[in-house]
Amino acid sequence: MHGEYKVPHGKLVVVDLDVEGGALRNVRVAGDFFLEPDEALLAIDAALEGAPAHTDAAGLAARVDRALPDGAVLLGITTEGVAVAVRRALAQATGWGDYDWQLIHEGPQPPALHMALDEVLTAEVAAGRRPPTLRVWEWDSPAVVIGSFQSLRNEVSPEGAARHGITVVRRISGGGAMFVEPHSTITYSLAVPEALVSGLSFADSYAYLDDWVLAALGDMGIKAWYQPLNDIATDVGKVAGAAQKRVVGPGGGPGAVLHHVTMSYDIDAGKMLDVLRIGKEKLSDKGTRSAGKRVDPLRRQTGLPREAVIEKMIGSFRARYGLTPGGITDGELARAQDLVRTKFTTPEWTARVP
């Protein structure tokens with residue numbers, strides 16, 4: 001069995017192992033990390049050898065911690081990262097390079113249609129009828145997108161939304177409200193097989209699926225990092241937020257994960273605060289009194305046009321994993337349009353949490 005895990009802000013950990021009699025055997029840990037002394041690697045292998053195959057990540061990390069020689073130095077690697085790589089090997093997880101990725105980047109579409117397309121395309125990946133897909137959104141109008149479990153009245157000022165001509169829609173994933181203006185926002189979705197995140201905790205899957213965009217921002221000279229649970233931050237402020245939804249496969253089999261990210265290219269903080277009801281409690285753990293100060297747009301940090309930022313992001317993904325241009329099929333579009341009519345524009349859905 002083979003498992004790989006890229007440690008957040010660190011290096012790749014690779015684990016090869018067998019399972020015999022319910023225990024780990026022939027464990028071999030490798031990677032592009034740094035480790036001193038050399039004997040520490042043998043200690044890690046020995047610590048994992050014979051561990052019950054059902055041991056969780058915390059238990060595996062504890063075994064490695066106890067076995068490391070005094071004064072051992074780990075750079076780009078953590079004992080938790082080693083444990084995750086083991087769990088991914090046992091879960092027979094796949095890697096980014098195991099797939100033929102498809103890109104969808106089409107013209108501007110209504111907010112409700114974007115919500116529906118996320119649901120349809122992820123279901124298609126879960127059913128095996130669509131390859132893993134990166135979809136870059138273009139918006140035809142401003143919107144507020146609230147999370148699946150948010151209260152409509154608590155999050156959005158109807159007077160502010162009406163004043164600025166903003167549509168309010170609810171997405172299928174959890175998380176917080178997104179304030180969107182077409183030329184000030186960069187949004188993308190990843191619809192991926194569940195196997196890509198096998199062996200990862202829900203929280204770890206956010207960091208794992210965000211890793212490519214951190215590298216893409218790095219290519220543009222921006223030092224960014226994943227900030228639990230679902231933010232992408234820089235030293236001058238937050239630039240993006242992520243949300244996820246798990247979709248079960250046909251017959252209850254392996255499914256797919258929807259991971260979508262909204263990035264702030266530019267922002268009209270005054271308008272945002274007029275539309276969103278952002279309370280003091282939400283800001284209390286963010287180290288700031290102002291919601292506007294929490295976000296530092298990519299326009300200022302890159303000095304690039306929005307379209308150039310998007311192209312550089314797509315280029316970074318393509319260089320790392322490959323990316324074939326594709327599109328939404330007629331059948332997918334028809335199903336999404338039906339969901340717009342029956343779900344995403346109905347009061348029953350938008351106000352399902354009043």
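In this chain, residues are counted from 1 in sequence order.
- When only modelled atom types and interatomic distance are considered, Thr133 and Arg135 share no side-chain donor-acceptor pair under 3.5 Å.
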| Leu103/Thr324 under side chain to side chain contact (heavy atoms under 4.5 Å, CB included): CA gap, chis, key distance, verdict | CA-CA 6 Å; Leu103 170 68; Thr324 301; over 6 Å; no
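- The distance from atom CD of Glu119 to atom CG of Leu258, rounded to the nearest 0.5 Å, is 9.5 Å.
- Annotation: the span from Trp225 atom CH2 to Leu217 atom CG amounts to 11.5 Å, rounded to 0.5 Å.
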| said: I'd like to know whether Glu181 forms a side chain to side chain contact (heavy atoms under 4.5 Å, CB included) with Asp266, so could you lay out the CA-CA distance, the side-chain angles of the two residues, the decisive distance to 0.1 Å, and finally the verdict. | reply: CA-CA 9 Å; Glu181 293 188 285; Asp266 203 351; over 6 Å; no
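- For Gln244, the side-chain contact (heavy atoms from CB on, under 4.5 Å) partners two or more places apart in sequence, or in a different chain, are Phe202, Ser205, Tyr206, Leu209, Arg246, Val257, His259.
- For the atom pair Gln301 CD and Tyr265 OH, the distance stands at 12.0 Å (nearest 0.5 Å).
- For the residue pair His105/Glu138, the side-chain donor-acceptor check at 3.5 Å is satisfied.
- Ion pairing between a basic and an acidic side chain is recognised when a charged N comes within 4.0 Å of a carboxylate O; Arg25 and Asp18 show no such pairing.
- Taking 4.0 Å as the cut-off between side-chain N and carboxylate O, Glu348 and Lys343 do not count as a salt-bridged pair.
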| Stepwise side chain to side chain contact (heavy atoms under 4.5 Å, CB included) test for Tyr226 and Leu214 | CA-CA 8 Å; Tyr226 163 73; Leu214 301 183; 4.3 Å; yes
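- Between Trp96 and Tyr208, the two ring planes are tilted [angle within 30° to 60°].
- For the 3.5 Å distance criterion, the side chains of Thr185 and Trp139 fail to qualify, holding no donor opposite an acceptor.
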| task | Verify side chain to side chain contact (heavy atoms under 4.5 Å, CB included) between Ile267 and Met272, making sure each step is shown before the conclusion. | result | CA-CA 8 Å; Ile267 191 167; Met272 179 183 73; 3.7 Å; yes
| Could you walk me through whether His260 and Thr187 pass the side chain to side chain donor-acceptor pair (under 3.5 Å) check? | CA-CA 7 Å; His260 45 199; Thr187 308; over 6 Å; no
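- At a cut-off of 3.5 Å, with distance as the only test, a side-chain donor of His164 or Asp274 sits close to an acceptor on the other residue.
- One distance of note links CD1 of Ile278 with OG of Ser157; it measures 11.5 Å at 0.5 Å rounding.
- In this structure, the separation between CG on Leu117 and OG1 on Thr122 is 10.0 Å, given to the nearest 0.5 Å.
- A salt bridge links Arg129 with Glu124: the closest approach of a Lys/Arg side-chain nitrogen to an acidic carboxylate oxygen falls below 4.0 angstrom.
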| request: Go through the steps to decide whether Trp137 and Ser189 satisfy the test side chain to side chain donor-acceptor pair (under 3.5 Å), and finish with yes or no. | output: CA-CA 8 Å; Trp137 303 20; Ser189 300; 2.8 Å; yes
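- Ring planes of Phe317 and Trp212: perpendicular class, angle over 60° (limits at 30 and 60°).
- Residues Tyr321 and Leu12 fall into different hydrophobic clusters, defined by Ile, Leu, Val, Met, Phe, Trp and Tyr side chains chained together at heavy-atom separations under 4.5 Å.
- The structure places CD of Gln337 at 11.5 Å from OG1 of Thr342, a figure rounded to the nearest 0.5 Å.
- Arg335 and Asp330 are not joined by a salt bridge, as no carboxylate oxygen comes within less than 4.0 angstrom of a charged side-chain nitrogen.
- Heavy-atom minimum distance, Ala116 versus Leu339: CB-CB, 3.9 Å.
- For Arg352 and Ser148, the side-chain atoms include at least one donor-acceptor pair closer than 3.5 Å.
- Between the side chains of Glu4 and His2, at least one donor N or O lies within less than 3.5 Å of an accepting N or O.
- Atom CZ of Arg299 sits in a sparse spot, with 12 or fewer heavy atoms from other residues, nucleotides or ligands closer than 6.0 Å.
- In Lys6, the NZ atom is crowded: over 12 heavy atoms of neighbouring residues, nucleotides or ligands sit closer than 6.0 Å.
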